[in-house]
Amino acid sequence: MSVRPEEVMSVLRDRLNAYRDELELTSTGIVLQVGDGIARVYGLSEAMSQELIDFGDGVFGIALNLEEDSVGCVLLGSDEQISEGDRAHTTGRIAQTKVGAALFGRVVNPLGEPLDDRGPVETGETRPLEVIAPGVIKRQPVGEPLRTGIKAIDSAIPIGRGQRELIIGDRQTGKTQIALDTIVNQRGGDVKCIYVAIGQKLSTVRRTVAMLEQAGAMEYTCVVSATASDPAALQYIAPYAGCAIGEWVRDQGGHALVVYDDLSKHAQAYRQMSLLLRRPPGREAYPGDIFNLHSRLLERAAKMSDEEGAGSLTALPIVETQEGDFSAYIPTNVVSITDGQIYLEPRLFHEGQRPAISIGMSVSRVGSDAQSKMMKQVGSRLKLDLANYREYEAFAQFGADLDDETRRMLAQGQRMVEVLKQPPLEPMDEVDMVIILFAGTRGHLLDVPAADVQEVEPLLISYVRDRAPELVQRLETTRAISDEDEKQLGQLMEAFKREWRLQRPDE
């Protein structure tokens, strides 16, 4: 077989044209000290803040302390494979996580690696954990409601898309349940949900995932989990990872809801890291930048302008209080960052009011801008009526003689408290809410015993839907109650009460 010189020349020419003289520079350092999830490395003078540092054997860390002669790194894995004298080198990459549609329906760690048994996460997109929040010019005012399906919230403490609404209260008062109910209520809608579990027990996370699966909510939800047994560094980056996934949805022009459960444990993980990095402690031993830690996270929630795609990222941070101490360090910090709070009161919880929302202590700084017109019409007096009821309730305990107006106000308040009770994972349609709140606020339930209000509620809603489908359809279309609608609703409720009394054997 003969060799043709022109073929050899052609191959050599192609190879030479494809040759690229590329020089890759890495900064290499020596591990001086390692332990408790922290490594101090000498020689990484080119390292950037928040850069991933490669320690070999698949162990990475994040550079947090950039000192004159060393770099303090928090490790994202076990420190057992690292020892003093080992080499570490920079990667040139800022800490990032996987993003994309493939994450929804999955349980992942803060780096986007799967924690369920459903194989790898098929996405090639990544995003930095931390980015600068959108500026004022890129945003628009919050005005579109994000419905929770919870009567007490949608009527008195409304949440809008792009808002940051804090859920705060003692442990075991139902904070997580409110967040899960809100996620379940997005079923069939256009909102993608991210639930970030920070420092929780693995069994608790599994129970939460099972609850979401049972409710049919996992298909549009991503669970980011950094449990109590994970390194503090993973707990620290977990909410930023959840926020990055939500921002990906927002920047596609979609709508995302991210729940941070909870930021108290996040602050504790950051305090642990900071003390081990020898940062000076401040109040309650937290580092001086603890406020900045949460503000740079929560400021990323936004409703974008039309020019930026009109997407939204709504944040529901959760903070735990100790013995109802609303004025503790972390709670007051987060309250001052957010656009309102939903306060869960232990006393109400133990009295059987579920959800145990204190209407007087709760507030939404977006207010009625995030409500439909019909919800404003039925919910406008609710907050004031309940506040008056709580005041008169305390007064009536002294056994003083009460005038008729005070007795009426107490009776009205008792029935509104019963109306606002709601079982978990049973979010309500907005029109159903309007029907029962109309009955309560307009006094149509005054002649129904308070103990029977919860029994009457589904019967009344079904009665209105069956007898006046055209009214229900009109409310669903216009989202407003006209004078004619108000008159018709009043007649329907009086007719229902007559039939309901006839059916009761004891009356």
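Side chains included, hydrogens not; waters and symmetry mates left out as well; all remaining heavy atoms used.
- Between the side chains of Tyr270 and Arg279, at least one donor N or O lies within less than 3.5 Å of an accepting N or O.
- Within the structure, ring pair (Phe, Tyr, Trp, His ring centres under 6.0 Å) contacts touching residues 341-369 (residues at least two apart or in different chains) are Phe326-Tyr343.
- No hydrogens or angles considered: a donor-acceptor pair under 3.5 Å links the side chains of Glu494 and His444.
- Between the side chains of Gln377 and Gln371, no donor-acceptor pair is found at a separation under 3.5 Å.
- In this structure, a donor-acceptor pair under 3.5 Å is present between the side chains of Thr321 and Asp170.
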Could you tabulate the donor-acceptor pairs under 3.5 Å formed by side-chain atoms of residues 197-207, not counting sequence neighbours?
residue	atom	partner	partner atom	Å
Gln200	NE2	Tyr195	OH	3.2
Gln200	NE2	Asp261	O	3.0
Gln200	NE2	Asp261	OD2	3.2

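- Counting only N and O atoms by type, the side chains of Thr406 and Asp404 include no donor and acceptor under 3.5 Å apart.
- Lys303 places no side-chain N or O within 3.5 Å of a backbone atom of Gly143 that could act as its donor or acceptor partner.
- The closest side-chain donor-acceptor pair between Glu165 and Gln163 falls under 3.5 angstrom.
- In this view, Gln140 and Asp306 satisfy the side-chain hydrogen bond (donor to acceptor under 3.5 Å, both in side chains) rule, not counting sequence neighbours.
- In this structure, Phe496 has its ring center closer than 6.0 angstrom to the ring center of Tyr463.
- Annotation for Glu418 and Ala450: closest pair CG-O, 3.4 Å, computed over non-hydrogen atoms.
- One side chain, Ser229 or Thr227, offers a donor N or O that lies under 3.5 Å from an acceptor on the other.
- Asp485 and Ser482 form a side-chain donor-acceptor contact under 3.5 Å, judged by distance and modelled atom types alone.
- Side chains of Glu345 and Thr173: no donor on one and acceptor on the other come within 3.5 Å.
- Under 4.0 Å is where a charged nitrogen must lie from a carboxylate oxygen, and between Lys487 and Glu484 no such pair does.
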